[in-house]
Every structure is written in structure tokens, then in C-alpha cells.
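The structure appears below as C-alpha cells.
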Amino acid sequence: MRIAILSRGENLYSTRRMKEAGEARGHVVDIIDTLHCYMDITSSNPTVRYMGTVLPEYDAIIPRIGSSITFYGTAVVRQFEMMGTFSVNESVAISRSRDKLRSLQLLSRKGIGLPRTGFASKPDKIQDLIKNVGGAPLVIKLLEGTQGIGVVLAETNKAAESVIEAFMGLKANILVQEFIKEAGGADIRCFVVGDKVVAAMKRQAAEGEFRSNLHRGGEAQLVRLTKEERATALNAAKAMGLNLCGVDILQSNNGPVVMEVNSSPGLEGIEKATGKDVADLIFQFIEKKAKPHANKTRGKG
């Protein structure tokens with residue numbers, strides 16, 4: 001098969017590993033810089049051009065679309081979908097996952113466990129917004145934040161008011177969520193490929209830190225999922241329409257709750273923590289599913 005990885009950097013761990021895994025299985029794997037793609041929108045024969053030439057027909061693409069290029073990146077993915085190319089994650093699903101508020105609303109509609117969450121633009125009573133999610137301590141998140149950036153833990157109601165007022169003064173979109181204290185600064189990253197959780201790791205926040213992101217100094221180790229945690233991860237991926245994703249779960253007193261669904265999860269942490277060849281599992285999925293015009297939206301969404 002001929003497969004393209006849409007990625008900004010060929011030396012990134014995840015991109016490199018997937019290219020190695022694909023070629024080891026006998027596929028031709030090209031790495032395409034998403035921002036250097038350009039498209040013929042008006043033609044009745046949609047194409048993607050790159051470096052001055054029309055790209056060849058691919059059996060499948062693996063989108064590695066960073067949050068900073070979501071708008072353009074999903075447009076490129078959509079163009080491939082219009083050409084009949086199978087995309088591991090569809091453009092619509094990637095767009096859903098990047099909108100934190102939309103993600104939570106979709107998950108809530110499907111009855112998937114979530115922390116109590118508030119969203120507001122200009123609440124008349126900030127105190128009521130805080131009270132509605134259970135009061136301090138609580139977590140305040142920028143909608144556009146990634147890798148733990150733009151996430152603040154407010155220990156008291158007064159501190160929460162001050163942070164919310166500051167963010168609103170900057171006209172930032174924010175979420176206010178209950179703080180799951182019983183999680184002890186740990187979360188579980190479930191790596192979903194197709195209809196299976198193929199690997200899972202527990203991430204523990206560094207001393208004095210409540211964010212468990214590995215980019216913030218957190219540590220990862222292999223974890224055995226409960227039946228409920230596994231079902232929660234799979235249901236979350238299905239609700240978002242993602243074939244490949246990382247589902248981040250906290251264990252609360254009311255069972256597992258989903259914090260985020262990441263449509264472009266990194267491979268380095270999960271492969272090192274679990275010892276599993278996750279990149280190879282991705283290509284096994286592609287070999288089973290990649291057919292012309294196999295995407296549900298076919299570029300229409």
C-alpha cells in the first residue's frame with residue numbers, strides 16, 4: 001500500500017516510528033508537511049499539490065495535525081477524503097476533538113462520565129458559576145490550551161474568582177471544572193486504535209504539580225485497566241468518531257471520568273511505558289480498513 005503521514009516534522013518520534021513500522025510491513029510511506037500542501041478547490045477532479053507537483057494517489061493517510069494548524073490541517077484532510085483516500089481519522093472528527101467544549105457536549109450527550117463542568121462568557125454571578133461545579137478547589141482551563149498549558153488550579157473560591165475575572169478580561173474562552181482530588185494527581189492515557197484499547201499507561205504528576213502531562217514532568221508506567229475504564233475509553237472514541245486517539249481518564253469516587261480525547265496522541269510515552277509496538281498496530285488497522293471512499297463523511301462534513 002502507499003500511505004502518507006501528514007506531519008510537520010519527519011524527525012518527530014511519532015512520525016519516525018510510524019514510517020519505520022509501515023516500511024517494515026512492506027508499505028511505501030511518505031511524510032508530507034501539511035502546511036506545504038495546497039489544493040485545487042474548483043476542479044471537478046480534486047487534487048492535492050505539493051512541492052510543485054500533484055501528489056500521487058494514496059491508499060490511506062495518517063493525519064498528525066497539531067492544534068496550532070487545525071483549520072488548515074483539517075482542510076487538507078478533507079481534500080484527501082474528497083479524492084476517495086481513506087483517512088485514519090476523518091476531518092470532522094479531528095475538528096470535534098480540538099474544540100474542548102464541543103467534545104464535552106458530545107460526550108455528555110452519550111452519557112459518558114465527565115467532571116462537573118461550567119462554561120460561560122460573561123456570567124452575572126461568577127460565584128454561582130463556581131458553586132455550580134461544586135466550589136473550590138476547582139480547575140480553570142483555556143479552551144485553546146494544550147499539553148497542560150492554560151490550566152490553573154484555584155485552591156479557594158476567592159482565587160477562582162480572581163482567575164476567572166482575569167481570563168474574562170483577556171476575552172478568553174474558559175471551562176470551569178471540579179477538581180478530582182481523589183485522583184491524586186494521576187490520570188490514565190488509553191490509546192485506542194479502531195475498536196480496541198491497544199495500550200494504556202498511568203501518568204503521575206511531578207511533586208507539587210497537579211497536571212500529569214509528561215511535558216510537565218509527569219512520569220508514566222504500565223497500568224492494567226478495569227472493565228469500566230476500558231469501556232469508557234472506547235465509548236469516548238466512538239462518540240468522537242475517532243479511529244485513533246488517546247483518551248485521558250481520571251478515577252473519581254463516581255467511577256472513571258473523561259478529561260480529554262486527543263486525536264493526535266504521541267507514541268513515545270505510551271510505547272516506552274508499555275513496551276508495545278503501537279505504531280505497528282496502527283498499520284494493522286489500516287491494512288484491514290483502508291478502501292477507496294471508506295470514510296463516512298467522504299469530505300462532505
Side-chain angles (χ1 to χ4, degrees), residues 12-14 17 66-67 97 100 103-104 107 112-117 133-134 136-142 145-156 159-160 163 175-193 196-237 242 244-279 281:
L12 295 173
Y13 179 92
S14 299
R17 279 287 300 115
S67 59
S97 71
K100 286 189 174 70
S103 297
L104 292 172
L107 294 171
I112 294 165
L114 299 169
R116 291 178 65 182
T117 303
V133 298
L138 55 80
V139 177
I140 303 162
K141 296 180 178 180
L142 286 174
T146 60
Q147 298 179 350
I149 299 170
V151 181
V152 178
L153 174 62
E155 300 275 6
T156 65
V163 173
L175 289 172
V176 180
Q177 287 186 324
E178 70 171 314
F179 176 57
I180 310 296
K181 185 177 181 180
E182 58 268 27
D187 75 357
I188 297 172
R189 161 61 64 90
C190 302
F191 204 104
V192 177
V193 178
K196 295 179 181 178
V197 178
V198 298
M201 64 178 174
K202 182 177 182 179
R203 302 182 298 190
Q204 181 66 52
E207 185 79 27
E209 175 62 81
F210 76 99
R211 295 167 295 184
S212 58
N213 307 71
L214 301 186
H215 294 88
R216 310 240 69 80
E219 295 183 351
Q221 63 184 39
L222 178 68
V223 67
R224 183 181 293 275
L225 297 177
T226 65
K227 188 176 180 180
E228 191 177 10
E229 289 165 348
R230 189 176 298 275
T232 297
L234 292 174
N235 288 336
L242 292 165
L244 168 62
C245 63
V247 182
D248 296 337
I249 291 174
L250 293 182
Q251 188 56 261
S252 75
N253 289 334
N254 297 314
V257 293
V258 175
M259 297 301 292
E260 186 177 4
V261 183
N262 189 328
S263 61
S264 188
L267 300 185
E268 186 170 11
I270 197 83
E271 287 197 335
K272 290 182 177 179
T274 65
K276 290 190 176 182
D277 190 344
V278 176
L281 295 171

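Note: hydrogens, waters and symmetry copies are ignored here, and every other heavy atom, side chains too, is used.
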Could you tell me whether the side chain of [X] and the main chain of [Y] form a donor-acceptor pair under 3.5 Å?
X      : Y      : result
Ser14  : Gly266 : no
Lys276 : Val198 : yes
Glu182 : Asn253 : yes
Glu271 : Ala279 : yes

Practice item. Might you confirm whether atom NZ of Lys202 has over 12 heavy atoms from other residues, nucleotides or ligands at distances under 6.0 Å? Key: no
Flag the pair [X] / [Y] as yes when at least one side-chain heavy-atom distance between them is below 4.5 Å, and no otherwise.
X      : Y      : result
Val139 : Val151 : yes
Leu250 : Pro256 : no
Leu175 : Ile140 : no
Thr117 : Val176 : no
Gln177 : Lys141 : yes
Val257 : Pro115 : yes

Might you point out which heavy atoms bring [X] and [Y] nearest each other, and give the distance in Å?
X      : Y      : value
Leu138 : Ala160 : CD1-CB, 3.9 Å
Ala236 : Val247 : CB-CG1, 4.0 Å
Arg17  : Leu267 : CB-CD1, 4.3 Å
Pro265 : Cys245 : CG-C, 3.7 Å

Stepwise side chain to side chain contact (heavy atoms under 4.5 Å, CB included) check, Leu242 with Val261: CA-CA 9 Å; Leu242 292 165; Val261 183; 3.7 Å; yes
(Q) Quiz question: by atom type and distance under 3.5 Å, do the side chains of Gln204 and Gln221 form a donor-acceptor pair? (A) no
Got a second to check how far [X]'s [atom1] is from [Y]'s [atom2], nearest 0.5 Å?
X      : Y      : atom1 : atom2 : result
Leu281 : Leu244 : CG    : CG    : 11.0 Å
Cys190 : Lys196 : SG    : NZ    : 16.0 Å
Met259 : Leu107 : CE    : CG    : 12.0 Å
Asp248 : Ile188 : CG    : CD1   : 10.0 Å
Ile249 : Glu229 : CD1   : CD    : 6.0 Å
Arg189 : Glu260 : CZ    : CD    : 7.5 Å

Exercise for review: Under the side chain to side chain contact (heavy atoms under 4.5 Å, CB included) rule, what do Phe191 and Val197 come out as? Steps first, then yes or no, please.
Suggested key: CA-CA 6 Å; Phe191 204 104; Val197 178; 5.8 Å; no
Across all chains, not counting sequence neighbours, the salt bridge (charged side-chain N to carboxylate O under 4.0 Å, His left out) partners of Glu178 are none
Tested for side-chain contact (heavy atoms from CB on, under 4.5 Å) against Arg203, the lone hit among Ile270, Asp187, Val223 is Asp187
Full working for side chain to side chain contact (heavy atoms under 4.5 Å, CB included) between Thr232 and Val258: CA-CA 8 Å; Thr232 297; Val258 175; 3.5 Å; yes
Exactly one candidate in Ser263, Ser264, Ser103 meets side-chain hydrogen bond (donor to acceptor under 3.5 Å, both in side chains) with Ser97; the answer is Ser263
